Trainee: 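Structure below; questions to follow.
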Amino acid sequence: MKNQPRIFQSVSELHKAMGQPKPMHPLISILNYGEAVFDPKDFENGIVLDFYKISFKTNFTGKLRYGHGFYDFEEGGMSFVSPGQVLKMQDEEADYSGMSLNIHPDFFRPYSLNATIKKYGFFSYSAAEALYLSEKEKETILGVFTNIQQELNERIDNFSQDVIISQIELLLNYSNRFYNRQFITRKAVNNDVLSKLEKLLEDYFNSEKPEENGLLTVQFVANEMQLSPRYLSDLLRSISGQNTQQFIHDKLIEKAKEYIAKGTLSVSEIAYKLGFEHPQSFNKLFKKKTNVSPIAFKELFTKN
């Protein structure tokens with residue numbers, strides 16, 4: 001259909017669209033972007049893959065979007081796409097050289113990786129939240145890609161699948177480590193995100209929006225921050241030890257305490273003012289966070 005993303009159900013279909021020969025294995029391949037031949041107009045509405053795609057970009061040209069800003073990182077980087085995600089080719093393919101590892105879920109379905117791959121949160125990150133690699137990290141990742149390529153080219157035997165699966169797991173674990181390093185080393189960017197988030201929550205709770213729209217959700221906050229929900233939670237966890245939901249709840253309880261201390265609203269009125277449909281839900285969350293009920297907390301001020 002017109003204006004619909006193009007769907008690729010198999011790795012072989014992607015190879016054909018990129019002007020490349022059939023992959024050595026029907027369920028897994030490494031595509032070299034420098035060898036790809038295609039018309040970007042064919043993919044202007046994006047693509048959807050029925051398989052995983054791990055892109056290793058060795059040479060960025062220009063700057064990459066990261067949240068609200070643009071940042072230089074010349075050494076290269078990685079991005080991760082899971083089945084069903086819409087991928088914009090002009091953002092993903094046009095301005096760098098490198099390669100992609102394409103893995104159909106059927107390749108690792110009999111293995112434990114079938115369950116554990118869902119635990120790697122970076123498959124839920126957006127293209128703007130790429131993993132930026134140092135020169136040493138780039139060499140490490142390139143080594144894993146090379147090992148997989150050699151297995152596909154030279155050693156297809158009874159042990160090949162086990163060896164390739166172990167290399168994929170190694171690649172994912174390295175990526176997890178390097179993302180954690182990125183959260184730590186990009187303190188200036190992360191603190192900027194934290195400041196904007198705190199202001200967003202403060203403005204929301206000080207407005208009429210909670211009564212109009214209900215409780216603040218992680219999805220709403222992530223959209224306002226122009227970050228994916230999973231990336232925002234992982235980033236916050238690296239800074240504060242809390243995910244986005246926990247961070248929201250803490251700010252909500254702070255605001256609730258402020259209202260209670262003023263003494264002008266009943267507990268039910270405070271619950272509705274913060275976006276709760278039912279005061280009981282507010283009472284439950286408040287007690288969970290403070291170990292006392294709103295009523296008991298209010299009595300602390302009436303006694304004084």
Side-chain angles (χ1 to χ4, degrees), residues 65-69 71 119 121-126 128-129 179-180 182-304:
R65 181 175 176 275
Y66 184 93
H68 289 282
Y71 299 88
K119 298 179 181 179
F122 41 75
F123 279 107
S124 299
Y125 295 173
S126 73
E129 298 152 354
Y179 255 120
N180 186 63
Q182 180 166 293
F183 287 136
I184 294 171
T185 56
R186 288 175 170 263
K187 288 183 178 179
V189 177
N190 295 346
N191 288 336
D192 182 49
V193 171
L194 183 61
S195 296
K196 290 177 180 177
L197 175 59
E198 289 178 336
K199 186 176 188 308
L200 172 66
L201 299 186
E202 182 180 353
D203 290 346
Y204 189 87
F205 288 128
N206 285 336
S207 70
E208 303 298 323
K209 290 181 180 179
E211 293 179 273
E212 297 170 357
N213 303 328
L215 284 172
L216 202 56
T217 65
V218 172
Q219 185 65 59
F220 175 85
V221 170
N223 289 344
E224 291 294 308
M225 298 294 294
Q226 296 184 5
L227 295 169
S228 65
R230 186 59 184 265
Y231 187 86
L232 179 58
S233 280
D234 288 349
L235 187 152
L236 281 176
R237 193 178 287 109
S238 74
I239 301 173
S240 66
Q242 298 178 308
N243 61 30
T244 309
Q245 188 66 73
Q246 292 167 332
F247 195 85
I248 292 172
H249 282 168
D250 276 6
K251 295 301 179 183
L252 184 150
I253 295 301
E254 285 181 18
K255 192 64 181 177
K257 288 180 176 180
E258 181 183 319
Y259 283 138
I260 292 173
K262 287 180 179 178
T264 57
L265 298 173
S266 68
V267 171
S268 293
E269 288 172 330
I270 292 171
Y272 295 131
K273 194 170 184 62
L274 291 172
F276 286 88
E277 290 187 23
H278 307 289
Q280 297 92 328
S281 300
F282 168 65
N283 293 343
K284 184 177 180 180
L285 177 64
F286 192 94
K287 189 169 185 178
K288 179 181 177 181
K289 288 289 186 179
T290 65
N291 293 320
V292 295
S293 68
I295 294 295
F297 186 78
K298 189 173 185 177
E299 289 175 351
L300 296 176
F301 296 93
T302 56
K303 289 178 181 179
N304 295 330

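Positions are given from 1 along the sequence. Every value quoted in this text rests on a predicted model; they were computed, and no experiment measured them. When reading the values below, keep in mind they use all heavy atoms of this one structure, side chains included, and skip hydrogens, waters and symmetry mates.
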Trainee: So which atom in Phe286 and which in Pro294 form the shortest heavy-atom distance, rounded to 0.1 Å?
Mentor: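 For Phe286 and Pro294, the tightest heavy-atom pair comes out as CD2-N, 3.7 Å.
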Trainee: Could you tell me whether a side-chain N or O of Ser233 sits under 3.5 Å from a main-chain N or O of Thr244, the two making a donor and an acceptor?
Mentor: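 Answer holds: yes.
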Trainee: Give, for atom CD of Glu208 and atom CG of Asn213, the distance between the pair rounded to the nearest 0.5 Å.
Mentor: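 Nearest 0.5 Å value for the CD-CG distance: 11.0 Å.
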Trainee: Within the 4.5 Å heavy-atom criterion, are Leu201 and Lys251 side-chain neighbours or not?
Mentor: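 Yes, their side chains come closer than 4.5 Å.
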Trainee: Looking only at atom types and distance, does a side-chain atom of Ser207 sit under 3.5 Å from a main-chain N or O of Tyr204, one as donor and one as acceptor?
Mentor: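 Answer holds: yes.
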Trainee: CZ of Phe297 to CG of Asn291: how many Å apart, nearest 0.5 Å?
Mentor: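 Reported value, rounded in 0.5 Å steps: 12.5 Å.
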Trainee: Side chains of residues 263-271: which donor-acceptor pairs under 3.5 Å do they make with residues two or more places apart or in other chains?
Mentor:
{"residue": "Ser266", "atom": "OG", "partner": "Glu269", "partner atom": "N", "Å": "3.1"}
{"residue": "Ser266", "atom": "OG", "partner": "Glu269", "partner atom": "OE1", "Å": "3.4"}
{"residue": "Glu269", "atom": "OE1", "partner": "Ser266", "partner atom": "N", "Å": "2.8"}

Trainee: Any heavy-atom pair between the side chains of Leu252 and Leu215 that's under 4.5 Å?
Mentor: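 Yes, at least one pair of side-chain atoms sits under 4.5 Å.
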Trainee: Please determine whether the number of non-hydrogen atoms from other residues, nucleotides or ligands lying under 6.0 Å from atom NZ of Lys289 exceeds 12.
Mentor: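 Counting other residues, nucleotides and ligands, NZ of Lys289 exceeds 12 neighbours.
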Trainee: Between side-chain atoms of residues 274-282 and protein atoms elsewhere (two or more places apart, or another chain), which donor-acceptor pairs fall under 3.5 Å?
Mentor:
none

Trainee: Please report the interatomic distance CZ(Phe247) to CG(Leu194), rounded to the nearest 0.5 Å.
Mentor: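 Going from CZ on Phe247 over to CG on Leu194, the span is 5.0 Å.
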Trainee: Any donor-acceptor pair under 3.5 Å linking the side chain of Gln246 with the backbone of Asn243?
Mentor: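 At least one qualifying donor-acceptor pair exists.
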Trainee: Of all the heavy-atom pairs spanning Gly121 and Asp234, show the shortest one and how long it is.
Mentor: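 Taking Gly121 first and Asp234 second, the nearest heavy atoms are CA-OD2, 4.4 Å.
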Trainee: Kindly indicate, with the supporting measurements, whether the criterion side-chain contact (heavy atoms from CB on, under 4.5 Å) is fulfilled by Leu200 and Glu224.
Mentor: CA-CA 8 Å; Leu200 172 66; Glu224 291 294 308; 3.7 Å; yes
Trainee: Any ion pair linking Lys255 and Glu258 (charged N to carboxylate O, less than 4.0 Å)?
Mentor: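 Salt bridge present between Glu258 and Lys255.
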Trainee: Suppose we call two aromatic rings close when their centres sit under 6.0 Å apart. Are Tyr231 and Phe122 close by that rule?
Mentor: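 Between Phe122 and Tyr231, which both carry aromatic rings, the centre distance is not below 6.0 Å.
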Trainee: Nearest 0.5 Å, what's the CG-CD1 distance between Asn283 and Ile295?
Mentor: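 Result: 7.0 Å between the selected atoms.
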Trainee: Would Glu211 and Lys273 satisfy side-chain contact (heavy atoms from CB on, under 4.5 Å), going step by step from the backbone distance to the final call?
Mentor: CA-CA 5 Å; Glu211 293 179 273; Lys273 194 170 184 62; 3.9 Å; yes
Trainee: Does CD in Glu212 sit with more than 12 non-hydrogen atoms of other residues, nucleotides or ligands closer than 6.0 Å?
Mentor: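 Above 12, so yes.
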Trainee: Just verifying a value: how many Å separate Glu202 CD and Leu197 CG, rounded to the nearest 0.5 Å?
Mentor: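 Reported to 0.5 Å precision, the distance equals 11.5 Å.
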